[in-house]
Amino acid sequence: VVLPYHYCAESPDEEALVKAAATQGFVYEGVESDGVTACVCISGQKHRYEILHVVEFNSDRKRMSVLVKNEQTGEYVVYSKGADNVMLQILETTSGADASKNDDNDDLSSAKAHLHEFSCSGLRTLVLCKRIVSPDLYKNKIAPLKERANTELNNKEALHEQLAVVLEQDFQLVGVTAIEDRLQQGVPTTIQLFRDAGLQVWMLTGDKVETAVNIGFSCSLIDSSLELMMITSKDLEEITQQVNKLAKLVTAFYDPEGTNSSLQTKVPVAIVLSGAAMEVLFTQKELTSLFISACIWVAAVICSRVSPIQKALIVRQVRQACPSKVTLAIGDGANDVSMIREAHVGVGISGREGTQAARSSDFSIARFYFLKRM
């Protein structure tokens with residue numbers, strides 16, 4: 001398909017979504033000269049939207065929203081895209097409070113099924129939502145709050161957060177997206193080389209559990225010879241049981257003091273930890289120490305749905321548990337910067353995700369497989 005425009009976006013995912021929409025007849029034509037009016041051509045007819053406010057993505061909210069006014073209809077609409085675990089929680093809250101807003105209970109169930117299917121295929125998923133805002137709500141509450149957030153010097157951040165809370169509620173489901181995150185050339189062979197050399201590799205990602213596991217297989221981090229131990233619950237008691245089970249497995253298989261250790265010997269287990277479980281786990285200092293100490297001896301660790309702050313926290317915990325070891329963090333995006341800075345050695349990969357990781361690192365490379373020579 002020949003696209004009418006050459007698109008440049010902050011991330012490859014956003015570029016892929018805009019290009020996909022263009023192939024289906026929804027062509028984004030950019031922002032006009034006034035700097036606030038976005039134009040979208042739908043089946044040959046132009047639609048203009050005044051951009052009133054943008055709520056930028058952050059690792060706490062895990063979503064991005066924009067408030068626009070349709071110049072043809074005068075309608076105020078909030079459009080939002082974000083991580084499925086966060087967006088579905090908002091939708092379920094809306095559905096529980098007012099079922100009439102989501103006669104899409106069936107649509108919600110269908111969306112969850114598709115998200116699971118996409119994740120199992122190793123695709124990166126997002127949930128898209130919208131909210132119709134009444135003119136009265138905009139005039140009496142949103143506009144004054146937006147004015148204060150943009151003009152007041154004190155308490156600006158809190159006002160923007162308050163505005164985000166006002167906008168990002170009562171959502172209606174629009175749909176879900178799935179994007180293939182293709183591995184660079186040489187990634188599987190490079191990671192296999194790490195494993196053969198006795199290095200332990202942890203994969204820290206913001207993707208869903210199913211997507212992360214699928215990528216783990218495709219990049220040779222894990223294979224069918226390893227037992228997958230899933231720690232994804234939010235219940236502290238269940239997490240405690242799983243961590244104790246892991247510790248017993250390590251003790252039974254391997255001398256935890258390392259007297260009989262070998263770089264080539266690892267417990268044939270791969271740990272899969274979700275961000276939600278990690279949030280609960282890391283509130284317990286002793287349990288966290290036991291978990292990290294046990295993970296050092298397993299074949300691989302995958303942490304999914306983790307925020308940039310959580311990535312850095314994991315590196316810090318590993319450094320504290322193994323003060324004699326050297327940690328190496330590798331990343332290609334802005335969300336990897338804190339992790340790269342926390343490690344002993346940071347490697348940033350410059351590419352389509354931008355150069356923030358490369359600029360914050362000790363070493364900058366263009367391709368993952370260049371690590372073979374390092």
S.K.: Are any side-chain N or O atoms of Gln184 and backbone N or O atoms of Phe368, one a donor and one an acceptor, separated by less than 3.5 Å?
M.R.: yes

S.K.: How about His116: does its NE2 atom have over 12 heavy atoms from other parts shown lying under 6.0 Å from it?
M.R.: no

S.K.: Ignoring hydrogens and geometry, is there a side-chain-to-backbone donor-acceptor pair from Ser304 to Thr205 under 3.5 Å?
M.R.: no

S.K.: Can Val201 be reached from Leu183 by stepping across I, L, V, M, F, W or Y side chains whose heavy atoms are under 4.5 Å apart?
M.R.: yes

S.K.: If you measure from the Lys or Arg side-chain nitrogens to the Asp or Glu carboxylate oxygens, is any gap between Glu14 and Lys81 under 4.0 Å?
M.R.: yes

S.K.: Under 3.5 Å, side chain of Gln284 to main-chain N/O of Val280, donor-acceptor pair present?
M.R.: no

S.K.: Say whether Ser65 and Glu168, considering side chains only, have a donor N or O and an acceptor N or O under 3.5 Å apart.
M.R.: yes

S.K.: Between the side chain of Arg195 and the main-chain N/O of Leu221, is any donor-acceptor distance below 3.5 Å?
M.R.: yes

S.K.: Once rounded to the nearest 0.5 Å, what's the spacing between atom CZ of Phe363 and atom CD1 of Ile365?
M.R.: 10.5 Å

S.K.: Measure across His114 and Val176 and return the closest heavy-atom pair with its distance rounded to 0.1 Å.
M.R.: CB-CG2, 4.4 Å

S.K.: Identify each donor-acceptor pair in which a side-chain atom of residues 235-246 lies under 3.5 Å from a protein atom, sequence neighbours left out, and give them as a table.
M.R.:
residue	atom	partner	partner atom	Å
Asp235	OD2	Glu237	N	3.4
Asp235	OD2	Glu238	N	3.0
Glu238	OE1	Ser233	OG	3.2
Thr240	OG1	Leu236	O	2.8
Gln242	NE2	Met230	O	2.7
Asn244	ND2	Thr240	O	3.2

S.K.: Heavy-atom count check: over 12 atoms from other residues, nucleotides or ligands less than 6.0 Å from Gln89 CD?
M.R.: no

S.K.: Give a yes or no answer on whether the side chain of Thr288 reaches the backbone of Thr283 with a donor-acceptor pair at less than 3.5 Å.
M.R.: no

S.K.: Which heavy atom of Ile215 sits nearest a heavy atom of Met203, and at what distance?
M.R.: CG2-SD, 4.1 Å

S.K.: Around atom CG of Asn154, are there more than 12 heavy atoms from other residues, nucleotides or ligands closer than 6.0 Å?
M.R.: no

S.K.: Do Val347 and Val337 sit in the same hydrophobic cluster, where Ile, Leu, Val, Met, Phe, Trp and Tyr count as joined when their side-chain heavy atoms come under 4.5 Å apart?
M.R.: no

S.K.: What are the two closest heavy atoms between Gly346 and Ile340, and how far apart are they?
M.R.: CA-CG2, 3.6 Å

S.K.: Donor-acceptor check, side chain of Asn58 to backbone of Arg61, threshold 3.5 angstrom: yes or no?
M.R.: yes

S.K.: Does Glu71 have more than 12 heavy atoms from other residues, nucleotides or ligands lying within 6.0 Å of its CD?
M.R.: yes

S.K.: Mind checking the OG1-OH spacing from Thr189 to Tyr369? Nearest 0.5 Å is all I need.
M.R.: 10.0 Å

S.K.: With a cut-off of 6.0 Å (strictly less than), are more than 12 heavy atoms of other residues, nucleotides or ligands near CD of Glu50?
M.R.: yes

S.K.: Identify the heavy atoms of Val298 and Val269 that sit nearest to each other, and give their distance.
M.R.: CB-O, 3.4 Å

S.K.: Hey, does the side chain of Ser338 reach the backbone of Pro308 with a donor-acceptor pair shorter than 3.5 angstrom?
M.R.: yes

S.K.: Would Val31 end up clustered with Val40 when hydrophobic side chains under 4.5 Å apart are linked, directly or stepwise?
M.R.: yes

S.K.: To the closest 0.5 Å, what do you measure between CD1 (Ile90) and CG (Asn85)?
M.R.: 10.0 Å

S.K.: Are side-chain N/O atoms of Gln192 and Asp196 paired as donor and acceptor at under 3.5 Å?
M.R.: yes

S.K.: So which atom in Tyr7 and which in Lys19 form the shortest heavy-atom distance, rounded to 0.1 Å?
M.R.: CD1-CG, 4.0 Å

S.K.: Checking the side chain of Thr355 only, and the main-chain atoms of Ala358 only, is there a donor and an acceptor separated by less than 3.5 Å?
M.R.: no

S.K.: With clusters defined by side-chain heavy atoms of hydrophobic residues (ILVMFWY) lying less than 4.5 Å apart, directly or transitively, does Leu249 cluster with Ile296?
M.R.: yes

S.K.: With rounding to the nearest 0.5 angstrom, report the NE2 to CG distance, His53 to Leu163.
M.R.: 4.0 Å

S.K.: More than 12 heavy atoms of other residues, nucleotides or ligands under 6.0 Å from NZ of Lys69: yes or no?
M.R.: no

S.K.: Give the minimum heavy-atom separation between Asp13 and Ile179, together with the two atoms involved.
M.R.: O-CD1, 3.6 Å

S.K.: In terms of heavy-atom contacts, does CD of Glu157 have more than 12 from other residues, nucleotides or ligands at under 6.0 Å?
M.R.: no

S.K.: Is a side-chain donor or acceptor of His160 paired with a backbone partner of Ala149 at a separation under 3.5 angstrom?
M.R.: yes

S.K.: Would you say Ser293's side chain and Leu290's backbone share a donor-acceptor pair under 3.5 angstrom?
M.R.: no

S.K.: Heavy-atom count around Arg367 CZ within 6.0 Å, excluding the residue itself: above 12?
M.R.: no

S.K.: Asp336 and side chain to side chain donor-acceptor pair (under 3.5 Å): which single residue from Lys311, Gln356, Arg341 fits?
M.R.: Lys311

S.K.: Could you label the plane-to-plane angle of the Tyr79 and Tyr49 rings as parallel, tilted or perpendicular, counting under 30° as parallel and over 60° as perpendicular?
M.R.: perpendicular

S.K.: Rounded to the nearest 0.5 Å, what separates atom CH2 in Trp297 from atom NZ in Lys266?
M.R.: 7.0 Å

S.K.: Might you work through the side chain to side chain contact (heavy atoms under 4.5 Å, CB included) test for Leu91 and Val127, ending with a clear yes or no?
M.R.: CA-CA 10 Å; Leu91 286 168; Val127 174; 4.3 Å; yes

S.K.: Once rounded to the nearest 0.5 Å, what's the spacing between atom CD of Gln172 and atom CD1 of Ile132?
M.R.: 6.5 Å

